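Predicted model only: the values in this text are computed from it and were never measured.
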Amino acid sequence: VQYTALADVKPDPMLASIIDGYMMRLSEIMDTQIGTTQTPLDTRKSTVRSQETAFGNLVADAFRITMKADVGMMNGGGIRGNRTYAAGEKITRRDIQGEFPFRNSVAVIDVNGADIWAAVENGLSRLEDLKGRFLHFSGMSVVYDPSAPVGGRAVSISVADEPLDLKHRYRLATVDFLSKGGDGFVMFKDAPRVSVSNNIFVWQMVHDYIKEKGRIAPKVEGRLVIGTR
């Protein structure tokens, strides 16, 4: 069977006109400004999978605040734009959907402090390999030692400026992929589900959070710092 190369196929003028019309309408939706960042943002793979970032903080904040949780967590592997934004740059829907191409939503689960500690350790366990399980936080801060053995890298964890209570119950807003135990987060798999974002995708939650604010200014503020025991 012989196939004609698509490059040699001449487009039908009528279909091409229809497609162009749809593309123009799509561009109007996708390229509409939803906000402006007053601080530079970095979503490069090497950054979001290795260190605290302003963009990661923005996303985790959107989760925690929108879902009225105690803590927000976003995995670096779910951020896929692999680009930078300059201070003063306009943010569009296309930008945000490009950052979150997966059909993930956000869930709130009921976990104890020990679960959070275990999740932090899992997030830090593949630092050297730039794995997507690396976490960004909201409502909490972590001191860690990257030179320590896997499973013992977290030095201290605080929630709402108080030391993490391993027995206390916390409401955690995170990507449903993690809440179901994905990427090694097995400590969340059987946690009671408090609420879901009614199938609102991650991109839409972040999109709406930015649109409501109009101007955003997230920054690196010491939510994840290197330290020793």
Side-chain angles (χ1 to χ4, degrees), residues 39-65 69-82 84-85 87 108-175 177-179 181-191 216-229:
T39 52
L41 305 176
D42 186 346
T43 69
R44 290 174 298 175
K45 177 180 177 179
S46 59
T47 307
V48 296
R49 297 186 181 205
S50 66
Q51 59 192 271
E52 177 188 354
T53 69
F55 190 82
N57 288 349
L58 170 74
V59 177
D61 284 347
F63 290 179
R64 179 180 61 83
I65 294 170
D70 299 312
V71 173
M73 286 186 182
M74 177 64 194
N75 60 313
I79 301 172
R80 293 297 181 111
N82 198 33
T84 59
Y85 303 79
V108 179
I109 54 178
D110 181 58
V111 299
N112 59 35
D115 294 328
I116 290 178
W117 194 290
V120 170
E121 288 288 6
N122 182 57
L124 296 171
S125 66
R126 302 292 298 276
L127 274 172
E128 300 83 358
D129 304 320
L130 297 180
K131 291 297 183 179
R133 67 185 63 188
F134 184 86
L135 291 173
H136 300 272
F137 313 110
S138 177
M140 62 180 284
S141 58
V142 175
V143 177
Y144 75 106
D145 181 356
S147 65
V150 171
R153 291 180 167 176
V155 175
S156 65
I157 302 175
S158 298
V159 174
D161 297 323
E162 295 291 335
L164 180 72
D165 184 337
L166 298 182
K167 296 182 180 180
H168 183 73
R169 308 298 297 188
Y170 297 92
R171 289 193 172 192
L172 168 66
T174 190
V175 183
F177 171 67
L178 302 190
S179 74
D183 224 350
F185 289 91
V186 293
M187 69 294 298
F188 295 156
K189 188 174 182 179
D190 297 320
I216 57 172
K219 58 184 179 180
V220 174
E221 54 189 34
R223 299 184 187 185
L224 180 66
V225 297
I226 294 175
T228 58
R229 300 184 187 282

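Looking at every heavy atom in both residues, Gly132 comes nearest to Asn75 through O-CB, 3.3 Å. Contact record, Pro146 with Ile226: CD-CG2, 3.7 Å, taken as the closest heavy-atom pair. The shortest heavy-atom contact between Ser141 and Gly222 is CB-O, 4.1 Å. Between Leu41 and Pro218, the closest heavy-atom pair is CD2-CG, 3.6 Å. Minimum heavy-atom separation, Met140 to Ile157: CE-CG2, 3.5 Å. Closest approach of Ala54 to Val220, counting heavy atoms only: N-CG2, 3.8 Å.
The closest side-chain heavy-atom distance from Arg64 to Val71 is not below 4.5 Å. Contact check for Ile116 versus Met73: side-chain heavy atoms found under the 4.5 Å cut-off. Considering only heavy atoms from C-beta on, Val175 comes within 4.5 Å of Met74 through its side chain. Using a 4.5 Å heavy-atom threshold, the side chains of Arg229 and Ser156 count as separate.
Side-chain atoms of Arg49 come within 3.5 Å of backbone atoms of Leu130 as a donor-acceptor pair (strictly under, hydrogens ignored). Judged by distance alone, with hydrogens and angles left aside, the side-chain atoms of Asp129 form no donor-acceptor pair with the main-chain N or O of Lys131 at under 3.5 Å. For the pair Thr53 (side chain) and Gly56 (backbone), a donor-acceptor distance under 3.5 Å is present. The closest donor-acceptor contact from the side chain of Tyr85 to the backbone of Phe55 lies at 3.5 Å or more, if one exists at all. Under the 3.5 Å distance criterion, the side-chain polar atoms of Asp70 are matched with a main-chain donor or acceptor of Arg171. Distance alone, capped at 3.5 Å, is enough to place a donor-acceptor pair between the Glu52 side chain and the Leu224 backbone.
Under the salt bridge (charged side-chain N to carboxylate O under 4.0 Å, His left out) criterion, Asp110 pairs with Arg169, sequence neighbours left out. Listed by chain and residue number, Ser125, Arg153 satisfy the side-chain contact (heavy atoms from CB on, under 4.5 Å) test with Val150 (two or more places apart in sequence, or in another chain). Applying the side-chain hydrogen bond (donor to acceptor under 3.5 Å, both in side chains) criterion to Asn82, with sequence neighbours excluded, gives no partner residue. Applying the side-chain hydrogen bond (donor to acceptor under 3.5 Å, both in side chains) test to Thr47 and every residue at least two apart in sequence or in another chain returns Asp42.
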(request) Start with the C-alpha distance between Leu166 and Leu164, add both sets of side-chain angles, then the distance that settles side-chain contact (heavy atoms from CB on, under 4.5 Å), and finish with yes or no. (result) CA-CA 6 Å; Leu166 298 182; Leu164 180 72; 4.1 Å; yes
(message) As a quick check of understanding, evaluate side-chain contact (heavy atoms from CB on, under 4.5 Å) for Leu135 and Leu178, giving each step before the final call.
(response) CA-CA 11 Å; Leu135 291 173; Leu178 302 190; 4.0 Å; yes
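The distance from the OG atom of Ser138 to the CG atom of Leu172 is 10.5 Å, given to the nearest 0.5 Å. Arg44 contributes atom CZ, which lies 9.5 Å from atom OG of Ser50 (distance to the nearest 0.5 angstrom).
Using a cutoff of 4.0 Å between basic side-chain nitrogens and carboxylate oxygens, Arg126 and Glu128 are not scored as salt-bridged.
A donor atom on one side chain and an acceptor atom on the other are not found under 3.5 Å apart for Glu221 and Asn57.
Sorted by first and then second residue, the ring pair (Phe, Tyr, Trp, His ring centres under 6.0 Å) pairs involving residues 134-158 (not counting sequence neighbours) are Phe134-His136.
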With a cut-off of 3.5 Å and sequence neighbours excluded, list every side-chain donor-acceptor pair involving residues 183-190.
residue, atom, partner, partner atom, Å
Asp183, OD2, Arg133, N, 3.3

